[in-house]
Amino acid sequence: MPEYATPESAGMDVRAFLKEPVVLKPLERALIPTGLYLQLPAGHECQIRPRSGLALKHGITLVNTPGTVDADYRGEIGVILINLSNEAFTVNDGERICQMVITNYTHVEWEAVERLDETERGDGGFGHTGVN
């Protein structure tokens, strides 16, 4: 079962559920099973996020981060790991491979308009606030 490492953790550690180890070569990715099946309440999602320790120490992260598991999904949770390092990495059964955060969400109703309200920022995008 996923578990919080500390009382103030936002994310629960999720472990690999493997019959045999998986070796990820540099720049290789693989779908790693977790053995987890969820039934979330309506209005909630499960976000799958990388573990910072694996990323820093081994270059292991997630291809689609954060991954979203919708409340109506009933299949096994799989995690797409990728090895961004220069060395092979072995994923073993029971190894902590990601974090899971459960959160609520809101659906919006879209309205087509001819014009948007003015703001101080306007259409300033990437890097518009300076180099510092």
Indicate yes or no for a side-chain donor-acceptor contact from [X] to the backbone of [Y] under 3.5 Å, with no hydrogens or angles considered.
X    : Y    : result
T34  : G78  : no
E45  : I102 : no
N83  : S85  : yes
R121 : E118 : no
E76  : Y37  : no

hydrophobic_cluster_shared for [Y] and [X], side chain cutoff 4.5 Å:
X    : Y   : result
I82  : L27 : yes
V63  : L84 : yes
Y4   : I97 : yes
M100 : I60 : yes

Identify each donor-acceptor pair in which a side-chain atom of residues 11-25 lies under 3.5 Å from a protein atom, sequence neighbours left out, and give them as a table.
unit_1	atom_1	unit_2	atom_2	d
D13	OD2	R96	NH1	3.1
R15	NH1	G94	O	2.8
R15	NH2	E3	OE2	3.4

With a 4.5 Å cut-off on side-chain heavy atoms, are [Y] and [X] touching?
X   : Y   : answer
I80 : N64 : yes
T65 : Q47 : no
F89 : E87 : no

*Do other residues, nucleotides or ligands put more than 12 heavy atoms under 6.0 Å from L31 CG?*
yes

Would you name the heavy atoms of [X] and [Y] that are closest together and state the gap between them?
X   : Y    : value
P50 : L62  : N-CD1, 3.6 Å
A71 : A42  : CB-CA, 4.4 Å
A10 : V101 : O-CG2, 3.8 Å

*Tell me, with the steps shown, if T68 and D70 meet side chain to side chain contact (heavy atoms under 4.5 Å, CB included).*
CA-CA 6 Å; T68 297; D70 296 307; 3.8 Å; yes

_I need the H44 NE2 to L38 CG distance, nearest 0.5 Å._
12.5 Å

*Rounded to the nearest 0.5 Å, how far does CG of L54 lie from CG of L81?*
7.5 Å

